[in-house]
Number of protein chains: 2
Amino acid sequence: MTEPSRPRRGENLDITHKRGKPTLRTIATIAGLAVTTVSRALSDAPQISLETRQRVHRIAREIGYLPDRAAQRLKTGRTNVIAILLDSHEEVVGFSTSIMYGIAKALKETSYHLVVAPNFLSTTDVEAAEYIIRNHLADGLIFTRTEPLDARVRLLLETGFPFICHGRTEFSTPHPYVDYDNFSFAYEATRRLIAKERRKVAVILPPKRLTFCQHILHGFMTAVREAGIAYEIPETVDLDTPADVLRDFICSRATAPDAPDGFICPGEVSALAVISGMSDAGRTLAVDYDIVAKETSRLLTQLQPKVDTIHEDLTAAGEDLGRMLLQRINNVNLDDLHLLLTPQINFPIG
Amino acid sequence: MTEPSRPRRGENLDITHKRGKPTLRTIATIAGLAVTTVSRALSDAPQISLETRQRVHRIAREIGYLPDRAAQRLKTGRTNVIAILLDSHEEVVGFSTSIMYGIAKALKETSYHLVVAPNFLSTTDVEAAEYIIRNHLADGLIFTRTEPLDARVRLLLETGFPFICHGRTEFSTPHPYVDYDNFSFAYEATRRLIAKERRKVAVILPPKRLTFCQHILHGFMTAVREAGIAYEIPETVDLDTPADVLRDFICSRATAPDAPDGFICPGEVSALAVISGMSDAGRTLAVDYDIVAKETSRLLTQLQPKVDTIHEDLTAAGEDLGRMLLQRINNVNLDDLHLLLTPQINFPIG
DNA sequence: GTAAAAATTTAAAACGTTTTCATTCCTCGA
DNA sequence: TCGAGGAATGAAAACGTTTTAAATTTTTAC
């Protein structure tokens, strides 16, 4: 089985160079061409004759040639890798997995691979990006949960390293991003609660430092002001608050006379926590209060009584992120530098 | 800014070779040594004098030298990468993310990186593994959801490629794995339902082809037989069944006179589906029936009324997977080739 | 004081590509 | 008939490291 394939029918060329994988030299020997020519033929360079090109391609296929990525990388300086900064906050509900899945989808037919760079490698998240750049670990970078003046964006803009982020910033320099229309999410969610005749709505906001917190707040406030309804914005908890803490907070708040009877939850975990907390306080969903939640999975749809949800398709986002980053890396002019994905509303709007 | 840094104070050595990143040659020039010596000094080879070694290390640090991974890889044949086959079935509840997070943790202080290889790259999952090996994309491979005679394991054993899997197989050849004690999970879960005086228990099994399906079945049957209680094993649905389908199935089943009043759910989604389905049929959790579920997140713990859960720590599993694979790659003798992780039971056992 | 042995250091080749520059072989126009 | 110009191919250098084998220096043994 590991026996070296014996030359057949008088064949005696040194085809299997060092009994290892076939290289350009192997093909060159077989075809009676120079390595240079083979290299050119395989990369479909224009000056190679059609006949040679086809012959080389055929031989390569027959002997199962695969280019050595390390050699290519050493020579060209391109890694054929894109990296994603994995945020530890997203661990819970498969946020990152969905995005990665989408990215991988976009990379499918290309020569690119996806590597995962957890940001706990360093104290700050900028350092993780720096690490990638300095070690030349990738040709492009993807990251999530942007801040208005995101240090990672600043660094990457400065160094000119190709990147794209999931979420917007407030930098004037244009850079590519994919984002979800969180304004619309919050606006429509709030309007839904109002339509259900709730008299006081509350929103669980993401951590204040994140850009999309502002968008949600804006959407929420717009709907609230339009309707002139009472509202509440809890200050001591947010989307990253551990579920049990959030639950206790909601429970204690629920007993007050001016407690909200409508909640916007921008995530599955917070929605469950709110439901539990209210339940602890003896409040019943759909009777005493309502929730509109954002879901990135299909988890909440299973709940009973049914929670109104607005879906965020993270796999689609990942696919766009990957596609756009590749274009950026290869200097293809992006048709659109920015992409704003539309919320998919799972309840009747009127 | 991109102006070449002018030599200062009479310095005139060609330190910045081609105005680029420092290489071994840069250090060699500064130290007045041969490249060979520098290479050896940095890899702490024994024959280099202590003084030289320290000096080289100091210079490397000062000028911010980082080895070129492509060159190292080309020369040594080692990629410094380990790959994980991402399974599309695990998309939902962040199964993979947790494992990846753990792996990344194990890789933290090493020179290794984690790349994600989605298995939809190919028609079969063996092809994804083959792809990795043939393209020499990694030094080691991790994958999940093993089958008793797993084709991936067979391939990797044949080729001698380093790997470790999450889940057992039935191959006689010893190979490393990390697994969760699904027998105990199912056994304890079933006993819990029995302790709660349920008269007929049902289990939602994983797809039959997966090894851990057998373990769960075994644990379930053992407890059932010990107690001599009635049981049921739905044949038309499993853990991978879409939540809404499972929900409908449970609902229709619930109306029959011999319907089960206790459920083992080896996952969050199935637990929620069962709860919804029973609810559709007018059955109330903790009153008409009980559930014991496996959770890999902290999602179910939030539910009301409280579901009994047994936790599986996937991040810990990932950490072990990474650690053990590294040992394997570097031919360190594994203290234990096999690791069986203990279920963490979140209810009183008696 | 010298030869052998040990301790350091070095030169050069190699890994498999891509790329620059040169070469060969035509074809064509004068 | 000859040289110009183009098309196709090739030789060789380079990317930055590791490794083999050799050279140099230092130490040890007599």
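So you know, we letter chains A, B, ... as the sequences are listed, proteins then strands, and number each from 1. Only a predicted model underlies this, so the values are computations on that prediction, with no experimental measurement involved.
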TODO: For the pair Thr52(A) (side chain) and Ile48(A) (backbone), establish whether a donor and an acceptor sit closer than 3.5 Å, ignoring hydrogens and angles.
DONE: no
Thr52(B) near the nucleic acid: base, sugar-phosphate alone, or nothing, with a heavy-atom cut-off under 4.0 Å?
sugar-phosphate
Base, sugar-phosphate or nothing for Thr37(B)? Non-hydrogen atoms, less than 4.0 Å. base
Proximal nucleotide (of [options]) relative to the [X] side chain:
X	options	answer
Lys75(B)	dT10(C), dT17(C), dT18(D)	dT18(D)
Ile48(A)	dT9(D), dT17(C), dT18(D)	dT9(D)
Ala34(B)	dT17(C), dG16(D), dA11(C)	dA11(C)

Atom-to-atom span, [atom1] of [X] to [atom2] of [N] - whole angstrom:
X	N	atom1	atom2	answer
His136(A)	dC15(D)	NE2	C1'	12 Å
Lys21(B)	dT17(D)	NZ	C1'	11 Å
Ile27(B)	dG16(D)	CD1	P	13 Å
Leu24(B)	dA12(C)	CG	P	18 Å
Asn135(A)	dT17(D)	CG	P	12 Å
Gln72(B)	dC15(D)	CD	P	17 Å
Asp68(A)	dG16(D)	CG	C1'	14 Å
Leu50(B)	dT9(C)	CG	P	11 Å

Exercise for review: Establish, yes or no, whether a centroid distance under 6.0 Å links the rings of His175(B) and Phe163(B).
Suggested key: yes
| Can a donor-acceptor pair be found between the side chains of Ser111(A) and Asn80(A) at a distance below 3.5 Å? | yes
Can you see if the side chain of Ser49(B) gets near the phosphate of dT9(C) - specifically, an N or O under 4.0 Å from OP1 or OP2?
yes
*So does Ser39(A) get a side-chain nitrogen or oxygen closer than 4.0 Å to the phosphate oxygens (OP1/OP2) of dT18(C)?*
yes
Quick one: side chains of residues 56-65 of chain B, donor-acceptor pairs under 3.5 Å with protein atoms, not counting sequence neighbours, listed by atom name and distance.
unit_1   : atom_1 : unit_2   : atom_2 : d
His57(B) : NE2    : Ala41(B) : O      : 3.3
His57(B) : NE2    : Asp44(B) : OD1    : 3.2
Arg58(B) : NH1    : Glu62(B) : OE2    : 3.4

Check your understanding: How are the rings of Tyr177(A) and His338(A) set to each other: parallel, tilted or perpendicular (split at 30° and 60°)?
Key -> parallel
Rounding to the nearest 10°, end axes of the helix from dG1(C)-dC30(D) to dA30(C)-dT1(D) built from five pairs each make an angle of 60°
Stepwise, does the side chain to side chain contact (heavy atoms under 4.5 Å, CB included) test hold for Arg73(B) with Arg73(A)? CA-CA 10 Å; Arg73(B) 179 167 161 181; Arg73(A) 179 166 161 179; 3.8 Å; yes
With sequence neighbours left out, the residues meeting salt bridge (charged side-chain N to carboxylate O under 4.0 Å, His left out) with Arg168(B) are Asp179(B)
By nearest-heavy-atom nucleotide on DNA chain D, the more 5' of Leu74(A) and Leu33(A) is Leu33(A)
For residues 321-331 of chain B, the side chain to side chain donor-acceptor pair (under 3.5 Å) pairs (sequence neighbours left out) are Asp320(B)-Arg323(B)
At a cut-off of 3.5 Å, list every protein nitrogen or oxygen paired with a nitrogen or oxygen from nucleotides 20-26 of chain C, distance to 0.1 Å.
unit_1  : atom_1 : unit_2   : atom_2 : d
dT20(C) : O4     : Arg40(A) : NH2    : 3.1

By side chain to side chain donor-acceptor pair (under 3.5 Å), Asp68(B) pairs with (sequence neighbours left out) none
Output for pair (Ser39(A) OG, Leu33(A) CG), nearest 0.5 Å, gives 12.0 Å
